[in-house]
Amino acid sequence: MSPIRIAIVGVGKIVRDQHLPALAKNADYQLVAAASRHGTVDGIDNFKSIEAMLDAVSSIEAVSLCMPPQYRYEAARTALEAGKHVFLEKPPGATLSEVADLQALAEAKGLSLFASWHSRYAPAVEAAKAFLASTTIRNVKIIWKEDVRHWHPNQEWIWAAGGLGVFDPGINALSIITHILPRPIFITSATLEFPENRDAPIAASIAFSDAQKLDVSAEFDWRQTGKQSWDIVAETEAGEMILSEGGAKLSVNGKIAHDEPEQEYPMLYRRFAEIIKEGRSDVDLSPLRHVADAFMLGRRKFVEVFYD
Ligand code: NAP
């Protein structure tokens, strides 16, 4: 089969760090063009907008949309209307309803829409899911604490409404937990801390439960300096499970059960090629739904102003 002719839209940090290297190593794709207001990719045709790109390069079959979530819907609709398969960076959109609208459009057009969740493809996630399925879970704690100044310098969109604030990394934890737990969970209470000068939270404490009253909690904090934490700790009948380093490493009762190099973006692109071949979409909105629920149910606390 000839490679899928793909284009990238929104050339920024994640495109350079992950999308370009993953595409370069995958023979299922040929990267043919990019559209970005300022960014460019060497060796291919570059355009200032998705409209100009799709007009000029009619052979494009799929697009990866990598701009911030607040600006993704219009580009996704344009691409689907033009008959292209669409890969959405996480989070798939700024609202649940706009993504549902894209899902319906993709379905009507017979195109594949992929709401990618890169952390679900972290190396130890499947092993954690299998371990939890093999035992009885007593409680789960999610600890996702990082230094926003280090990881998101000068990213204004992340602090704007729809940018999600600390839920931008936190949704990665939610994408893992919704995949590895045996039953769906739901938020029972939350406190969101907003810097007085920002429209998105810098920290969040969340309590979840499920049909069997499982106690799940999450602490998201962007003010962490020093050691960073991207951990999920589960107390179970078979002992303590720690899924650490954002899903890269699994230990059970202190013994390493799984530790291998990450391949998240190569696996995302494999999955996208697979759903295109199968003629279907892959859109799980549960991580974004939890974020929406946290904004809906959460208490709001104002905290110290934040400047980069
Ligand atoms: P970024 O570098 O700040 O933004 C990506 C590109 O989007 C920018 O270079 C810009 O390109 C375009 N853009 C910015 N504001 C825009 C606007 N108002 N309208 C249209 N385009 C705009 O962000 P990023 O870190 O790559 O993140 C992009 C997405 O990937 C986010 O949803 C994020 O959650 C996700 N992601 C990021 C990481 C990470 O480590 N950074 C990891 C995984 C997933 P032009 O100015 O050239 O148009």
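Ligands are counted one by one from 1 in listed order, and the atoms in each one are counted from 1 as well. Worth knowing before you read on, the calculation uses all heavy atoms, side chains too, and leaves out hydrogens, waters and symmetry mates.
- Looking only at heavy atoms of the protein, atom 19 (N) of ligand 1 is closest to Tyr71 CG, 3.4 Å.
- The distance criterion of under 3.5 Å between nitrogen or oxygen atoms is met by Trp157 with respect to ligand 1.
- Scanning all protein heavy atoms for the shortest distance to atom 9 (O) of ligand 1 gives Val11 O, 3.0 Å.
- Using cut-offs of 30° and 60° on the angle between ring planes, the pair Phe114 and Phe87 is perpendicular.
- Asp231 contributes no side-chain N or O that, together with a main-chain N or O of Lys141, makes up a donor-acceptor pair within less than 3.5 Å.
- Within a 6.0 Å sphere centred on CG of Asp308, heavy atoms belonging to other residues, nucleotides or ligands number more than 12.
- Counting heavy atoms closer than 4.0 Å to ligand 1, residue Ile14 contributes atoms from both its backbone and its side chain.
- One option in Lys13, Glu74, Glu89 has a heavy atom closer to atom 44 (C) of ligand 1 than any other, and that option is Glu89.
- Looking at Met67, Arg37, His118 and measuring to atom 14 (C) of ligand 1, the nearest heavy atom belongs to Arg37.
- Proximity annotation for atom 29 (C) of ligand 1: of Cys66, Pro91, Pro69, Cys66 comes nearest, heavy atoms only.
- In this structure, Arg72 counts as a contact residue of ligand 1, since one of its heavy atoms falls inside 4.0 Å of the ligand.
- Atom 34 (O) of ligand 1 has as its closest protein heavy atom Asp168 OD1, 2.6 Å.
- The N/O atoms of Lys90, backbone and side chain alike, include one that comes under 3.5 Å of an N/O atom in ligand 1.
- Not one N or O on the side chain of Glu61 forms a donor-acceptor pair closer than 3.5 Å with the backbone of His85.
- Counting non-hydrogen atoms of neighbouring residues, nucleotides and ligands closer than 6.0 angstrom, the CD atom of Glu274 exceeds 12 such neighbours.
- A heavy-atom distance below 4.5 Å is not found between the side chains of Tyr269 and Asp28.
- Counting heavy atoms of neighbouring residues, nucleotides and ligands inside a 6.0 Å radius, atom CD of Glu304 does not exceed 12 of them.
- For His38, heavy-atom contacts with ligand 1 shorter than 4.0 Å involve the backbone as well as the side chain.
- Panel note: side chain His118, backbone Lys90; no donor-acceptor pair is recorded below 3.5 Å.
- Considering backbone and side-chain N/O atoms, Pro68 never comes within less than 3.5 Å of an N/O atom of ligand 1.
- Of the protein's heavy atoms, Ser36 OG, 3.3 Å lies nearest to atom 45 (P) of ligand 1.
- Contacts between Tyr265 and ligand 1 below 4.0 angstrom, taking non-hydrogen atoms only, involve the side chain exclusively.
- In this structure, the ring of Phe306 has its center less than 6.0 angstrom from the ring center of Trp159.
- Nearest protein neighbour of atom 24 (P) of ligand 1, counting heavy atoms only, is Gln155 NE2, 3.7 Å.
- Not a single heavy atom of Phe167 lies less than 4.0 angstrom from ligand 1.
- Of all the heavy atoms of Asp17, none lies under 4.0 Å from any atom of ligand 1, so neither backbone nor side chain is involved.
- Within ligand 1, counting atoms from 1 as listed, the ones closer than 4.0 Å to a heavy atom of Gly39 are 47 (O).
- In this structure, Trp151 has its ring center at least 6.0 angstrom away from the ring center of Trp144.
- Not one N or O on the side chain of Asn139 forms a donor-acceptor pair closer than 3.5 Å with the backbone of Val216.
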